[in-house]
Protein chains: 2
Amino acid sequence: MLQLTKRSEYALIALVHMVDREGEVTSVRELCERYPLPKRLVAEVLKDLSHAGLVISQRGAQGGYSLAQAAESITLGQIVGAIEGAPALTNCDSIASTRDGGCEVHPVCPIRSPVERVREHLWRLFEATTLRSLVPAPHANREAVIQRLRESLAGSPSA
Amino acid sequence: MLQLTKRSEYALIALVHMVDREGEVTSVRELCERYPLPKRLVAEVLKDLSHAGLVISQRGAQGGYSLAQAAESITLGQIVGAIEGAPALTNCDSIASTRDGGCEVHPVCPIRSPVERVREHLWRLFEATTLRSLVPAPHANREAVIQRLRESLAGSPSA
DNA sequence: CAATATAGCACCGATTCAGTGCTATATGCC
DNA sequence: GGCATATAGCACTGAATCGGTGCTATATTG
Ligand code: SF4
Ligand code: SF4
């Protein structure tokens, strides 16, 4: 099925939230207070992101997670790759990395190479999609936007 | 998991094979003689493709399937869509079509809209990928290539 | 020491998927 | 007509994956 897992979605939600809180630490508790997410599962996901080097973990009281890189340099490909493992369209290049991987058709498969090209395109799309670009407009730099709006209103004669 | 199902792969193999045999009918038996595929499953897949209008079925002896459209007008999107249903990246827009579809996060989900944009790009890629472009070079117009090679050899002084 | 919060590991229930069984129907050929 | 071939339709089983949770250990703050 050509679909992201819930885990990946939770990872994206967490990361997008962290962009809003850039510079601060975000705990799993804080995330689950703002969004109705299963706490334990989100914790597991964040752990994976930490292991992948996308976020930095801070243990103990007042701890939590913070972005390990700028939101512009983290890509959708990195995120999905961290949660679901290396990307794959065909079954062979996914089982090849995990299991003994032997598709019976492999030696005579007429679609392996062409589909591989499609996978490359898809991967390029994922790598070109930055975390920053995934932050919804109302959330992106919300404070900065509000600030600019206030300045604009203050400078204009009307209202 | 961001991956095609075996069914989709079998559909692609079958269709690519039919491009080679364009104009003729291809039976499931013929397909399974050339590739080590589970006959019954391939039959099921071809049935779906027929129902989706991508191939035309011919019942009875000497029957089989043939392309319903030119290989240039059949897209990867159509094929995958016919086998796996409407494409989806997030869980909400897949369950929305099949089930009552209620993600708890939906009302406050910060990634639904941005990921939707990515899905659009992905879908555009799939729609831009024609069946013809999925035929490996050695197979595409194999006869024509051989013919041209022979003419080339006949015309050149050497060999 | 107590409270908070991540680290690690293993487990269960549900969903999806790969593959198969069985029967009906349509076509070609003798 | 009778038989072989081949698709149509439907339902089912076993396996793999995924969503979600339990439990314990460790680190940090105060
Ligand atoms: S070899 Fe062909 S059929 Fe087998 S997994 Fe790879 S792409 Fe799919
Ligand atoms: S609403 Fe958000 S979390 Fe729920 S399925 Fe859609 S994208 Fe995923």
Side-chain angles (χ1 to χ4, degrees), chain A residues 1-11 13-14 24-33 36-52 55-66 68 80 83-85 88 90-92 94-95 98-101 103-105, chain B residues 1-11 13-14 24-33 36-52 55-66 68 80 83-85 88 90-92 94-95 98-101 103-105:
Chain A
M1 198 169 31
L2 196 50
Q3 188 179 49
L4 295 177
T5 63
K6 279 273 186 191
R7 276 179 151 90
S8 292
E9 294 189 357
Y10 295 160
I13 292 176
E24 311 173 29
V25 291
T26 303
S27 68
V28 173
R29 178 185 49 76
E30 179 186 336
L31 275 169
C32 294
E33 280 171 359
L37 305 175
K39 189 174 179 182
R40 282 295 316 285
L41 185 51
V42 172
E44 215 72 19
V45 168
L46 267 296
K47 218 182 302 178
D48 289 345
L49 291 180
S50 170
H51 183 266
V55 298
I56 296 175
S57 70
Q58 184 65 35
R59 295 171 69 160
Q62 311 298 323
Y65 296 92
S66 53
V80 174
I83 303 297
E84 308 188 18
T90 60
N91 287 229
C92 46
S94 75
I95 57 182
T98 58
R99 217 163 305 179
D100 62 313
C103 175
E104 197 76 18
V105 192
Chain B
M1 198 171 27
L2 198 47
Q3 188 178 49
L4 295 178
T5 64
K6 279 274 186 191
R7 276 180 152 89
S8 292
E9 293 189 358
Y10 295 161
I13 292 176
E24 309 173 30
V25 291
T26 303
S27 67
V28 173
R29 179 186 47 77
E30 180 186 335
L31 274 169
C32 295
E33 279 172 358
L37 305 175
K39 191 174 180 183
R40 282 295 315 285
L41 186 51
V42 171
E44 215 71 18
V45 167
L46 267 296
K47 219 181 303 176
D48 289 345
L49 291 180
S50 170
H51 183 264
V55 298
I56 295 175
S57 70
Q58 183 66 35
R59 295 172 69 159
Q62 312 300 322
Y65 297 91
S66 53
V80 174
I83 302 298
E84 307 188 18
T90 60
N91 287 226
C92 44
S94 74
I95 58 182
T98 58
R99 217 163 305 179
D100 62 311
C103 175
E104 196 76 18
V105 192

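Just so we're on the same page: letters track the sequence lines, and every chain starts at 1.
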The criterion is side chain to side chain contact (heavy atoms under 4.5 Å, CB included); which residues satisfy it with A43(B), sequence neighbours excluded? V28(B)
Output the rounded distance in Å from CD1 (I56(B)) to C1' (dA6(D)). 17 Å
Please name all residues satisfying side-chain hydrogen bond (donor to acceptor under 3.5 Å, both in side chains) with E44(B), sequence neighbours left out, ordered by chain then number. K47(B)
Rounded to whole Å, the CD1-P distance (I13(A) to dG19(D)) equals 13 Å
With sequence neighbours left out, the residues meeting side-chain hydrogen bond (donor to acceptor under 3.5 Å, both in side chains) with T5(B) are S8(B), E84(B)
Is the phosphate of dA7(C) approached by Y65(A) (side-chain N or O, under 4.0 Å from OP1 or OP2)? yes
N91(A) atom CG is separated from dC17(C) atom C1', nearest whole Å, by 10 Å
Please give, in whole Å, the distance from dC18(D) C1' to D48(A) CG? 13 Å
Could you run through nucleotides 21-30 of chain D and give me one letter per nucleotide, 5' to 3': B if any protein heavy atom sits under 4.0 Å from the base, S if only the sugar-phosphate is that close, - if neither? BBB--BBBS-
Rounded distance [0.5 Å steps], CG in D48(B) versus CZ in R7(B): 7.0 Å
dG20(D) OP1/OP2 closer than 4.0 Å to side-chain N/O of Y10(A): yes
E33(A): partners by side-chain hydrogen bond (donor to acceptor under 3.5 Å, both in side chains), with sequence neighbours left out: R29(A)
Sorted by chain and number, sequence neighbours left out, side-chain hydrogen bond (donor to acceptor under 3.5 Å, both in side chains) with E104(A) holds for none
Please report the distance, rounded to the nearest Å, between NZ in K6(A) and P in dA14(C). 17 Å
Closest of dT7(D), dA7(C), dA5(C) to the S57(A) side chain is dA7(C)
